[in-house]
Amino acid sequence: MSLIQPRTLKGFRDYLPEAMIPREKLIATAQRVYRSYGFSPIDTPALEYLEILTGKGSDETDRQLYKFQDHGGRNVGMRFDLTVPLARFAAQHVPKLGTPFKRYHIASVWRGENTQRGRYREFMQCDFDTIGTKSVAADIETGLVIHDLLQAIGFSKFTIRLNNRMILNGLLDKLGLTDKSTEVLRSLDKLAKIGREKVAEEMMATSGATAEQASEVLKLSDLSGSNAEILTQLEPLVAGSATGEEGIGRLREVLAGIDAAGVNKDRIQVDVSIARGLDYYTGVIFETFLDDLPTIGSICSGGRYDNLAGLFTKQELPGIGASLGLDRLLAAMEELEMLAKVRTSAPVFIPYFDRERLGDYLALAAQIRAAGIGVEVFPDPKKLGQQLKYADSRGFSVALIAGGNEFAAQTTQLKNLQTGESEEISLAEGSDALIARIRSIVTID
RNA sequence: GUGGCUAUAGCUCAGUUGGUUAGAGCAUCGGAUUGUGAUUCCGAGGGUCGGGGGUUCGAGUCCCCUUAGCCACCCCA
């Protein structure tokens with residue numbers, strides 16, 4: 001019989017332990033930060049009725065959507081983000097849950113698009129959203145969560161760029177470009193990437209804007225200075241537009257709030273050219289870039305939307321949220337060499353060294369585990385050198401070596417695998433001293 | 001979905017204008033008076049040269065198709 005070739009689909013991946021360990025760690029960090037602000041976890045099905053997912057119905061999402069007919073003849077699709085499922089969820093359950101409703105949702109999504117570095121067909125999103133309030137406090141909090149999240153992950157050099165869609169809308173309104181806003185903003189969003197000349201060309205080509213209109217929009221890119229200075233320079237550009245003026249006002253409040261919470265000013269930057277591809281944003285917009293690796297793109301993006309669930313309910317549900325791009329972030333961390341090459345999830349290794357003493361090794365391991373420290377006992381009584389080689393290659397922190405000599409003396413040899421140093425620790429008075437010593441070497445998270 | 005580049009052992013790569021049994025380093029496994037790895041020495045295993053078809057006396061090497069990866073566009077996390 002011929003063998004089936006083991007392989008994975010384009011854009012889909014297996015996660016080996018050394019990839020999965022940092023992945024789980026990142027997820028745990030996100031959960032911790034979200035919970036610290038009172039966000040609660042939810043989950044929704046991977047499959048939805050096709051009409052739920054295509055409700056917004058742009059060609060782009062349609063092209064990327066995995067869809068099929070189930071065995072009951074229903075047209076179904078796999079979720080391509082967590083926002084659309086949230087909209088459906090909110091329409092269905094918010095009457096029970098009440099508002100404000102703060103949830104986080106960490107789950108895989110699928111998009112049948114072409115792959116690239118850090119971009120896959122199955123990837124994980126870590127969304128958090130606050131639904132049912134228009135308060136600027138929620139805007140501020142969203143920025144703070146993004147900030148705390150990146151800091152908790154271990155980044156110190158990153159920039160959260162913000163803007164307010166109302167400013168853009170106000171400007172476009174003044175210029176008579178409101179009905180072409182999607183195309184205009186999509187072009188504007190590329191400013192940093194392709195430069196103002198090309199943006200102007202594209203804007204005129206795709207939206208039919210005149211050269212004058214394009215140049216007015218591009219005045220946005222001339223703004224410079226501190227956040228406050230940029231906002232001041234912005235005022236004449238939107239003067240007369242109530243929407244635009246309100247946008248500036250709200251952005252000032254957001255900046256003040258984030259500042260009041262003690263965030264380093266250098267990490268917050270007003271950038272009026274960011275528009276985000278998606279057109280459902282109506283207020284503040286966030287994008288987050290790593291200063292050391294800006295080319296990987298935004299690793300945490302989000303913004304405010306007025307009417308999340310308008311397709312599913314007549315109840316108006318405003319909200320704000322953002323999404324951490326876990327896979328893109330992991331790709332960045334790998335490139336920046338921030339990931340420890342650890343293939344074990346337990347820090348302590350016990351070689352099975354004396355064939356007759358398996359019970360003693362297991363007893364020792366049990367005591368250390370009872371103290372909340374992970375321990376792996378090697379399954380075969382192989383040569384010590386081989387076992388230590390294994391321990392080293394997996395990235396264990398310490399090995400507890402005990403043979404006939406140690407057992408006779410009621411001690412164990414604690415070997416620090418990073419430094420190579422060993423010390424004898426007495427077990428005559430129990431394992432407390434040993435556990436304390438392990439704790440002093442191992443970082444447990 | 002469009003265009004460009006790439007594909008040789010688990011990994012990183014050699015492989016001369018197509019010419020005999022396809023190599024190296026690292027990794028893996030085993031051994032070096034049977035208690036110490038990352039940093040010794042010796043040895044072994046492991047490759048239908050991504051897959052399919054064609055040109056040729058002969059293809060890892062040339063041509064076509066296909067799959068996957070990378071890059072750009074599109075879009076986005």
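Naming: A, B, ... by sequence-line order, numbering from 1 per chain.
Within the nucleic acid shown, A:Y390 has no heavy atom closer than 4.0 Å to any nucleic acid atom. Residue contacts shown for A:E421 are absent, as no nucleic acid heavy atom lies under 4.0 Å away.
A gap of 15 Å separates the P atoms of B:C29 and B:G37, to the nearest Å. The separation of B:U2 from B:G15, taken at their C1' atoms, amounts to 35 Å, rounded to a whole angstrom. Between B:U16 and B:G23, the distance separating the two C1' atoms is 14 Å to the nearest Å. Distance check on atom P: B:G58 versus B:U21 gives 15 Å, rounded to whole Å. Nucleotides B:C26 and B:U36 have their P atoms positioned 23 Å apart, rounded to a whole Å.
Atom P of nucleotide B:A77 and atom CG of A:L82 are separated by 11 Å, given to the nearest angstrom. Atoms NZ (A:K389) and P (B:A32) sit 14 Å apart, rounded to a whole Å. Rounded to whole angstrom, the span from the CZ atom of A:F289 across to the C1' atom of B:C76 amounts to 11 Å. Rounding to whole angstrom units, CG of residue A:L388 and C1' of B:U36 are separated by 5 Å. Rounded to a whole Å, the CD atom of A:E287 is 13 Å from the C1' atom of B:C75. As a whole-Å value, the separation of A:F80 CZ from B:A77 C1' is 13 Å. In this structure, A:K10 places its NZ atom 18 Å from P of B:G50, rounding to the nearest Å. Between A:Q116 atom CD and B:U2 atom C1' there is a gap of 13 Å when expressed in whole angstrom units.
Ring orientation note: the planes of A:Y305 and A:Y281 are tilted relative to one another, at an angle of 30° to 60°.
Taking for each of A:Y120 and A:L9 the nucleotide of RNA chain B with the nearest heavy atom, the 5'-most of the two is the partner of A:L9.
Taking the side chain of A:L384 as heavy atoms from C-beta on, and the options B:A77, B:U36, B:A68, the nearest nucleotide is B:U36. Listed candidates were B:G35, B:A32, B:C76. Nearest to the side chain of A:I401 is B:G35. In this structure, the nucleotide among B:A77, B:G30, B:G37 sitting nearest to the side chain of A:Q386 is B:G30. Listed nucleotides B:A72, B:G37, B:C76 differ in distance to A:L417; the shortest reach to its side chain belongs to B:G37. Of the candidate nucleotides B:G31, B:A68, B:A77, B:A77 has the atom nearest to the side chain of A:S301. Which of B:C73, B:A38, B:A68 sits closest to the side chain of A:D392 comes down to B:A38. When distances run from any side-chain atom of A:R111 to the nucleotides B:G35, B:G37, B:A77, the shortest one goes to B:A77.
Counting distance only, with no hydrogens placed and no angle test, the side-chain atoms of A:N405 and the base atoms of B:G35 include a donor-acceptor pair under 3.5 Å. Below the 3.5 angstrom threshold, one finds a donor paired with an acceptor across the side chain of A:Q413 and the base of B:U36. With hydrogens and angles ignored, a donor-acceptor pair under 3.5 angstrom links the side chain of A:R328 to the base of B:C76. Counting distance only, with no hydrogens placed and no angle test, the side-chain atoms of A:R119 and the base atoms of B:C70 include no donor-acceptor pair under 3.5 Å. A donor N or O paired with an acceptor N or O is not found under 3.5 Å between the base of B:G37 and the side-chain atoms of A:Q418. For B:U36, its base sits under 3.5 Å from the side chain of A:K415 at one donor and acceptor pair at least. A donor-acceptor contact under 3.5 Å is formed by the side chain of A:E113 with the base of B:A77.
Using a 3.5 Å distance cut-off with no hydrogens or angles, the side chains of A:D127 and A:Y34 do not pair a donor with an acceptor. Between the side chains of A:Q92 and A:R88, a donor-acceptor pair is found at a separation under 3.5 Å.
Pairing analysis of RNA chain B (Watson-Crick: purine N1 to pyrimidine N3 plus N6-O4 or O6-N4; G-U wobble: N1-O2 and O6-N3; both under 3.5 Å) yields stems of 3 or more pairs at B:1-7 with B:67-73, B:10-13 with B:23-26, B:28-32 with B:40-44, B:50-54 with B:62-66.
The number of heavy atoms from other shown groups lying within 6.0 Å of CZ (A:F12) is above 12.
Of the residues listed (A:Y352, A:F396, A:Y390, A:F353), the one engaging A:F378 in a ring-ring contact (aromatic ring centres under 6.0 Å, His included) is A:Y390, and it is the only one.
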Point to revise | Chi angles and distances behind the side chain to side chain donor-acceptor pair (under 3.5 Å) call for A:Q367, A:S431 | key: CA-CA 7 Å; A:Q367 289 177 57; A:S431 55; 2.7 Å; yes
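The distance from atom CZ of A:R161 to atom CG of A:D271, rounded to the nearest 0.5 Å, is 5.0 Å.
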